[in-house]
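Step one of this worksheet: look at the structure below.
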Amino acid sequence: MKSIDDVNFEGKKALIRVDFNVPLNGDYQITDDTRIKAAIPTIHKILNDGGAVILMSHLGRPKTGPEEKFSLKHLVNHLSTAFHKPVKFAEDCIGEDAVTLAESLSNGEILLLENLRFYKEETAGDQAFAKKLSALGDIYVNDAFGTAHRAHASTAVIADFFEEKVCGYVMKAELDNAKRVLEQAEKPFTAIMGGAKISDKILIIEKLLDRVDNLIIGGGMSYTFFKAMGGNIGNSLVEEEKLELAKSLIQNAKEKNVNLQLPIDSIIADAFDNNANTATAQNHNIAEGWMGLDIGPQAGEVFSKIIEDSKTVLWNGPMGVFEMENFSNGTIKVANAVVKATENGAFSLIGGGDSAAAVNTLGFGDKVSYVSTGGGALLEYMEGKILPGVRALEN
Ligand SMILES: Nc1ncnc2c1ncn2[C@@H]1O[C@H](COP(=O)(O)OP(=O)(O)OP(=O)(O)O)[C@@H](O)[C@H]1O
Ligand SMILES: O=C(O)[C@H](O)COP(=O)(O)O
């Protein structure tokens, strides 16, 4: 796969697929701009070469065409500030307006196209739509790792219409870091899995059992394991249909000599509410009417020790309902342990939408080795799937 370092963009228009699918609040302010900041080096390289930049992205999942709340125009001011340059905006991603603005774009200038998903042809991977988009630029750059698991018009199909197609710095760094964890992990290798559902993470857990020394399972998904082992989990989150699967994972871990660690204790609450009554309970013994919303202090200690002694750490999914302050301690404790391991020389990769957001909002983002901009894309890569956006650049 060629990268942007293999190309001189002087006098060229780079059509860059970025993943600017960023969270916006009710006033259309960006609440986490990690994905925007990540794209800056790619944009600077092209502008410094003497080229022009045309950015295309999706935002959210619009269903029936244009919708105000999904317009990329809300990003323009933020982008201009982040890139230290005015950013022009085309109110459509194809058609006359986009063509005219793209044609008149001078070297050193940046143009942002309107949300690609305002056309259903984008997600359908429509050839004619991809061809229209491709006419806007001379060189195709894919820097949208977060969307590389989608075989859409702008992420995969479009590549066929270009002689020159390369990956940007985000895509390259994401793939290099994920590969480092999957293929060259220094041992002890510890994976920390958390979040709400086992069903979302089952494939990656199975794959990791062949590679890791320690598998820590916390967060909402851990209660399905306790129930599978015959424990009482009260009203904690459970996936009844995954009980057998949880049992077989425990068995697999044993057979593969993987140290599978579940939280010994939990912070339990009598309601799903930050102000609920709370107590600490052993995890096989949570009373009816109570639910586990965070790992407990003992579990935090055990997990931290394992993490701090590791040389490679992969973390996906929070240890509790970290959005509520009273149930965020477990996630903070684990984040601190990951930071400590990193300071001791470990390589740490944080992935997944909520875990990456947790690490960034808690202020640990620059204290770990790498925070992925990918959610589903990183998981699919870790499951061993070939991402369509990556394959398209390799053809
Ligand atoms: N004990 C729990 N009970 C209920 N919900 C929980 C519990 N622990 C964590 N959660 C919730 O799980 C959610 C995150 O789960 P999720 O599986 O989406 O993780 P993630 O890091 O976003 O990974 P990905 O982006 O790959 O899906 C958070 O909103 C958190 O509040
Ligand atoms: O946020 C993401 O994970 C990516 O931008 C992909 O978005 P999607 O799940 O709507 O395709």
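One-based numbering along the sequence shown. Whatever order the structure lists them in is the order used to number ligands and atoms, beginning at 1.
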Verdict with supporting geometry, D92 and Y119, side-chain hydrogen bond (donor to acceptor under 3.5 Å, both in side chains): CA-CA 10 Å; D92 198 348; Y119 288 87; 2.9 Å; yes
Polar contact flag for D294 and ligand 1 (N/O pairs, less than 3.5 Å): no
Closest non-hydrogen atom pair between D49 and N8, with its separation: OD2-CA, 3.5 Å
Neighbouring residues of ligand 2, heavy-atom cut-off under 4.0 Å: D19, N21, R35, H58, R61, R117, G146, T147, R150
Enumerated ligand 1 atoms positioned under 4.0 Å from heavy atoms of G292: 1 (N), 2 (C), 3 (N)
Aromatic plane relationship, F20 with F83 - under 30° parallel, 30 to 60° tilted, over 60° perpendicular: tilted
Min N/O separation K201 to ligand 1 under 3.5 Å: yes
Set of ring pair (Phe, Tyr, Trp, His ring centres under 6.0 Å) partners for F347, sequence neighbours left out: none
CA sep, side-chain torsions, deciding dist, call: E103, K13, salt bridge (Lys or Arg N to Asp or Glu O under 4.0 Å): CA-CA 9 Å; E103 272 174 1; K13 291 190 173 94; over 6 Å; no
4.0 Å heavy-atom contact, F327 with ligand 1: no
Ligand 1 to G351 polar contact by distance, N or O atoms, under 3.5 Å: no
Residue pair K73 / E68: nearest heavy atoms and the distance that separates them: NZ-OE1, 3.1 Å
Under 3.5 Å side-chain donor-acceptor pair for R17 and S154: yes
Heavy-atom closest pair, residues I16 and V53: CD1-CG1, 3.8 Å
Close-contact set for ligand 1 against Y223 heavy atoms, below 4.0 Å: 1 (N)
Min N/O separation G220 to ligand 1 under 3.5 Å: yes
Pair D19, T147: side-chain N/O donor-acceptor within cut-off below 3.5 Å: yes
Flag side-chain contact, heavy atom, 4.5 Å: T280 against I268: no
Mode of L379 contact toward ligand 1 - side chain, backbone, both, neither (heavy atoms, under 4.0 Å): side chain
Pairwise side-chain contact, E239 with L245, heavy-atom cut-off 4.5 Å (strictly under): no
Option with minimal heavy-atom separation from atom 10 (N) of ligand 1, where the choices are S266, G317, G218, G320: G320
Distance filter under 4.0 Å to P318 heavy atoms, resulting ligand 1 atoms: 14 (C), 19 (O), 21 (O)
Subset of ligand 1 atoms that lie under 4.0 Å from at least one heavy atom of G219: 1 (N), 8 (N)
